[in-house]
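To start, the structure itself, in C-alpha cells.
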Amino acid sequence: MVKMERIAVLTSGGDSPGMNAAVRAVARTCMFNDKECIGVKRGYEGLIEGDFITLDHAAVGGIIHSGGTILKTARSERFKTPEGREEALAQMKKAGIDGLVVIGGDGSFHGAKALHDMGFPTIGIPGTIDNDITGTDETIGFDTAVNTALDAIMKLRDTATSHERLFVVEVMGRNAGFLALEVAVATGAEYVVVPELPLSIGDLTKRLKSSYRAGRSHTLIILAEGVMTAQEMREQLADSGGYDARVTVLGYIQRGGHPTSFDVVLATRMGAFATENLMIGKSGMMVGNINHKLVLSPLERAWSEHKSLSPEMLSLMNKMN
Ligand code: ADP
C-alpha cells in the first residue's frame, strides 16, 4: 500500500471557471479522510520553487463559486526540462508530499505524466474551457464558457435583428471547434465555422446569397478562433461577396465569471474522485465524465487520441438553418 498522508494540488495552463471548486473538493476529500492537503501556487513554476500553502478547511471556504483559481496558474518552461522536474520532485519530497492532483489542460497533463513516469503518484483533472480533451465528455469550465458566450451573443442578436445585419462572432477553443459548435446551436446561429470542418468563404457567400434571396434579413456566424480571426473573415466576406459584416471577438470574458452549477458539480465530483483514487494508489491517470459516470483513463489518451466533434451536433446545425 502506498503512503498517502499529504496530497498536493495545483492548477496549471489556462484558467477555467470551476477550478476553485475542484481545489476545494480535493482539500475537503483529504480532510474527510484525515489526510493533509497542500496547495501549490502558480502551477509547475511554484512546484519547482516550493511555493506551498496549507489548504485547511477555512482556506477553501467561500471559493466554490468564484472564477479563476485561488492557487494562480502559470506556464513553466523550466518544468519542461528534466532538471526542472527533478527540482520539483525534490521540493515535494522535502515537504513530505506523497501525491499530486493536477488540474489543467493537455499541456498540464504532459507534465503530470512526466512526474508519474519518474515514480511520483499523480492524477489529472481536466480543466479547460476548450473541451478538447479525450477521455471526458466535458471539461471543467466548458459549460460556463458556453453560457457566457450565449449571454453576450443574445445581446448582439437583438441588434442584428433590428438592423438586418450580418454578424461574425469569434469564440475561443484553440484548435478545436467544441466551444464554437455548442455556442452556435445554443444561440440558434445560422452558420458555424470550425477547424474540423473547413468551410470556404466562397461556399459561405454562396449560402448567404441564397438565404438572403429566400428572405432572411439577418445572419449570425459563429467562428472558432482556430480557423481565422473575425477581422480576416470580415475582409474575406467583403472581398468575395461584398458583404459588410460586423465583427465581435468575445476573447477572455469567456474564461472568467462564476462557474455554472453544472461546472461546480462536475468539479466537485471530479475533485473527490481524483483524490480518492490517488489514495488507493492510482497514478498516471486522468478523471473523466463519460455518460454521466466518473471514470479513469491513461493521461496520454488526452493527446494521443483525437476527440471528434459530435456528428449529431453538426447535423443539427444544418437541420436548424
Ligand atoms: P494547458 O494545460 O492549458 O494545455 P499549457 O499547454 O500551457 O496549458 O501547459 C501548461 C504547463 O504544463 C506548461 O507551462 C509546462 O510547464 C507544462 N507542460 C506542457 N507540456 C509539457 C511537457 N511536454 N512536459 C512537461 N511539462 C509540460
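What you are looking at is a predicted structure, and each value in this text was computed from that prediction instead of being measured. One-based numbering, in listed order, for ligands and for the atoms of each. As a basis for the values below, the full set of heavy atoms in this structure was taken, side chains included, without hydrogen atoms, waters or symmetry mates.
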Taking 4.0 angstrom as the limit and counting only heavy atoms of [X], give me the atoms of ligand 1 inside it, by number and element.
X	result
G14	3 (O)
S76	13 (C), 14 (O), 15 (C), 16 (O)
G111	25 (C), 26 (N), 27 (C)
R85	25 (C)

**Study point:** Chi angles and distances behind the side-chain hydrogen bond (donor to acceptor under 3.5 Å, both in side chains) call for N20, S66
**Key:** CA-CA 7 Å; N20 279 328; S66 57; 3.1 Å; yes
**Study point:** Candidates L179, V146, N147, T144 - the one meeting side chain to side chain contact (heavy atoms under 4.5 Å, CB included) with Q254
**Key:** L179
Practice item. Report the residue from I123, L294, T268 that forms a side chain to side chain contact (heavy atoms under 4.5 Å, CB included) with F273. Key: L294
So which protein heavy atom does [atom] come closest to, and at what separation?
atom	answer
atom 21 (C) of ligand 1	H110 CB, 3.5 Å
atom 11 (C) of ligand 1	S12 OG, 3.6 Å
atom 8 (O) of ligand 1	G13 CA, 3.3 Å

Point to revise | T128 to ligand 1, any heavy atom closer than 4.0 Å | key: no
Check your understanding: Would M19 and I133 show up in the same hydrophobic cluster when neighbours are defined by side-chain heavy atoms closer than 4.5 Å?
Key -> no
Review point. With hydrophobic residues grouped by side-chain heavy-atom distances under 4.5 Å, do L296 and I140 end up in a single group?
Key: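 Result: yes, single cluster for both.
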Review point. Could you go step by step and tell me if T11 and T69 meet the side-chain hydrogen bond (donor to acceptor under 3.5 Å, both in side chains) rule?
Key: CA-CA 7 Å; T11 52; T69 159; 2.9 Å; yes
Residue-level breakdown please: for [X] versus ligand 1, do any non-hydrogen atoms fall below 4.0 Å on the side chain, on the backbone, on both, or on neither?
X	result
A114	neither
E77	neither
R174	side chain

Review point. Hey, looking at atom 27 (C) of ligand 1, which of G107, S108, G105 has the closest heavy atom?
Key: G107
Practice item. Assess whether atom CG of N175 is packed by more than 12 heavy atoms of other residues, nucleotides or ligands within 6.0 Å. Key: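 Atom CG in N175 is not packed in, count stays at 12 or less.
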Check your understanding: Can you tell me if NZ on K35 sees more than 12 non-hydrogen neighbours from other groups inside 6.0 Å?
Key -> yes
**Study point:** N131 side chain vs F178 backbone, donor-acceptor pair below 3.5 Å
**Key:** no
Check your understanding: Any N or O on R75 sitting closer than 3.5 Å to an N or O of ligand 1?
Key ->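 The answer is yes, given that R75 and ligand 1 share an N or O pair closer than 3.5 Å.
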**Study point:** Y44 N/O to ligand 1 N/O under 3.5 Å
**Key:** no
